[in-house]
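The structure appears right after this line, and notes come after that.
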Amino acid sequence: MTNKLIFIDVDGTLCNDYGLVPPSAKLAIQKAQANGHQIYLCTGRSKAEITEEIAALPFDGMIGAGGGYIETSAGILYHETFNEADLQAIVHFFNDNKIGYYLESNHGLFKSKYCVSEMEKQLYADLDPSSEAYQKLKEGTKGFFDLLQPEPPLDELTDVNKISFIHADYPFQDVATRFGDRFTIMQTTVPAFGQNSGEIVLPGINKELAIVRLLEHLERSKADTIAIGDGHNDLEMLQFVEYGVAMGNAQEALKLVADEVTETHDEDGIYNFFDRYGLI
């Protein structure tokens with residue numbers, strides 16, 4: 001088999017609902033790369049949001065920030081960032097409306113005043129603190145919470161490439177109406193954050209366009225591409241690549257455009273697909 005370029009989403013695909021990478025997925029990635037295939041993260045997360053567990057895996061590069069950042073073994077290929085005026089406008093709106101948010105950049109994740117409280121309200125509200133589910137979720141999210149740093153003065157932030165916002169009650173559509181004419185506003189790719197939470201990315205940014213840029217740089221053909229995802233921000237990616245795979249836990253819209261639906265993350269979906277396709 002010609003060596004493939006495999007693009008793997010993170011939340012809901014590589015990681016399960018507790019934020020952990022199943023052992024079978026780790027093994028699949030290690031085996032596929034040993035067989036000569038190139039494997040890239042292709043995620044809505046920014047580089048600073050990649051946990052040690054994920055970073056320890058042998059990826060050949062990363063598409064991050066929903067397509068706003070591309071890195072290969074040779075270095076940074078592409079990075080699109082917010083300007084200070086736009087950042088100020090968004091941050092002031094969120095603070096005025098007591099909406100939690102965190103700013104994503106290469107060198108850190110920066111939390112607002114209401115960020116952690118709104119996240120905890122969404123993540124843990126329906127769970128009994130003494131339950132196993134609560135403990136597993138706390139364990140899985142600890143690494144992410146540890147990454148959040150206090151927000152510095154905005155004029156010191158020159159590489160913010162995405163803004164994630166979290167709120168239980170402030171309508172998502174109101175945020176989309178306020179900023180949708182200038183930015184791409186999408187609902188969160190982390191379902192546990194709730195339907196009113198979302199992400200703001202720069203216009204003209206998505207995973208498909210990032211893959212196109214990477215293929216041009218590598219001088220590789222779309223015919224050699226495979227992608228695996230579960231969420232709405234994976235739609236363009238799965239439609240573009242030669243072979244698109246939806247996780248068993250994927251949104252129905254994604255399953256409809258996928259060439260194959262594999263098992264869920266906790267049912268060894270990545271490993272089973274790699275095995276069936278002959279990658280390992």
Side-chain angles (χ1 to χ4, degrees), residues 9-13 15 17 19 42-50 63-69 80-83 86-105 109-126 141 144-145 147-148 151 154 157 160-210 229-237 249-254:
D9 174 54
V10 174
D11 295 296
T13 302
C15 291
D17 294 342
C42 196
T43 176
R45 295 192 187 195
S46 296
K47 185 174 182 180
E49 207 171 350
I50 302 303
I63 292 172
Y69 176 77
E80 191 74 17
T81 61
F82 284 84
N83 65 49
D86 287 337
L87 201 57
Q88 292 275 6
I90 295 168
V91 163
H92 288 159
F93 175 83
F94 284 161
N95 285 331
D96 288 346
N97 290 282
K98 299 182 179 179
I99 298 171
Y101 65 88
Y102 60 95
L103 308 176
E104 304 183 30
S105 77
L109 302 178
F110 303 101
K111 61 184 177 181
S112 70
K113 177 180 179 181
Y114 304 102
C115 176
V116 173
S117 60
E118 285 296 329
M119 280 186 185
E120 291 179 338
K121 186 188 302 181
Q122 291 292 89
L123 289 170
Y124 309 134
D126 298 325
T141 56
F144 171 74
F145 277 103
L147 293 174
L148 294 171
E151 183 183 302
L154 293 183
L157 296 177
V160 173
N161 49 38
K162 198 178 78 166
I163 303 168
S164 291
F165 59 94
I166 307 96
H167 201 281
D169 304 312
Y170 194 92
F172 168 85
Q173 190 55 48
D174 287 4
V175 178
T177 299
R178 175 66 176 79
F179 295 107
D181 62 332
R182 298 188 62 189
F183 307 101
T184 299
I185 318 295
M186 63 182 69
Q187 288 189 300
T188 180
T189 54
V190 183
F193 283 168
Q195 63 181 1
N196 285 321
S197 300
E199 302 170 2
I200 301 180
V201 299
L202 292 157
I205 298 295
N206 63 49
K207 293 182 178 182
E208 175 192 350
L209 296 176
D230 74 296
H232 54 80
N233 71 337
D234 298 316
L235 189 65
E236 296 94 347
M237 174 174 76
N249 50 280
Q251 296 179 0
E252 287 304 314
L254 205 66

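Below, all heavy atoms of this structure are taken into account, side chains as well, without hydrogens, waters or symmetry copies.
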Open item on the list: For Phe179 together with Phe93, are the ring centres under 6.0 Å from each other?
Closed with: yes

Task: Centroid-centroid under 6.0 Å between Phe144 and Tyr102 rings - done: yes

Taking all non-hydrogen atoms of both residues into account, name the closest pair between [X] and [Y] and its distance.
X	Y	result
Ser197	His167	OG-N, 3.2 Å
Lys121	Ala168	CD-CB, 3.8 Å
Phe110	Leu157	CE1-CD2, 3.6 Å
Met237	Glu208	N-CB, 4.3 Å
Asp230	Asp11	OD1-O, 2.8 Å
Leu109	Glu49	CD1-CG, 3.5 Å

I need the [X] [atom1] to [Y] [atom2] distance, nearest 0.5 Å.
X	Y	atom1	atom2	answer
Thr188	Asn233	OG1	CG	9.5 Å
Gln88	Phe82	CD	CZ	13.5 Å
Asn249	Thr13	CG	OG1	7.0 Å
Glu199	Thr184	CD	OG1	11.5 Å
Gln122	Ile166	CD	CD1	9.0 Å
Met119	Tyr124	CE	OH	9.5 Å

State, yes or no, whether a side-chain contact exists between [X] and [Y] at a heavy-atom distance under 4.5 Å.
X	Y	result
Lys162	Ile205	no
Glu151	Tyr101	yes
Leu123	Phe145	yes
Asn97	Asp174	no

Open item on the list: Run the salt bridge (Lys or Arg N to Asp or Glu O under 4.0 Å) test against Arg182 and tell me which residues pass, sequence neighbours left out.
Closed with: Asp86

TODO: Kindly determine whether Leu87 and Ile163 satisfy side chain to side chain contact (heavy atoms under 4.5 Å, CB included), including the steps that lead there.
DONE: CA-CA 9 Å; Leu87 201 57; Ile163 303 168; 3.7 Å; yes

Task: Short side-chain to backbone donor-acceptor contact, Lys207 and Cys42, under 3.5 Å - done: yes

Task: Donor-acceptor under 3.5 Å (Asp9 side chain, Thr43 main chain) - done: no

- [ ] Evaluate side chain to side chain contact (heavy atoms under 4.5 Å, CB included) for His232 paired with Thr189, printing each intermediate quantity in order.
- [x] CA-CA 7 Å; His232 54 80; Thr189 54; 4.1 Å; yes

Open item on the list: Within the supplied structure, the quantity of interest is the number of heavy atoms (other residues, nucleotides, ligands) at a distance under 6.0 Å from Gln195 CD; does it exceed 12?
Closed with: no

Task: By side-chain contact (heavy atoms from CB on, under 4.5 Å) - contacts of Leu209 (at least two apart) - done: Asn206, Arg213

TODO: Ignoring hydrogens and angles, state whether a donor on the side chain of Ser46 or Asn161 is under 3.5 Å from an acceptor on the partner side chain.
DONE: yes

Task: Stepwise side chain to side chain contact (heavy atoms under 4.5 Å, CB included) check, Ile200 with Phe94 - done: CA-CA 12 Å; Ile200 301 180; Phe94 284 161; 3.8 Å; yes

- [ ] In sequence, state the C-alpha distance, the side-chain angles, and the governing distance for Phe183 and Leu202, and then conclude on side chain to side chain contact (heavy atoms under 4.5 Å, CB included).
- [x] CA-CA 5 Å; Phe183 307 101; Leu202 292 157; 4.2 Å; yes

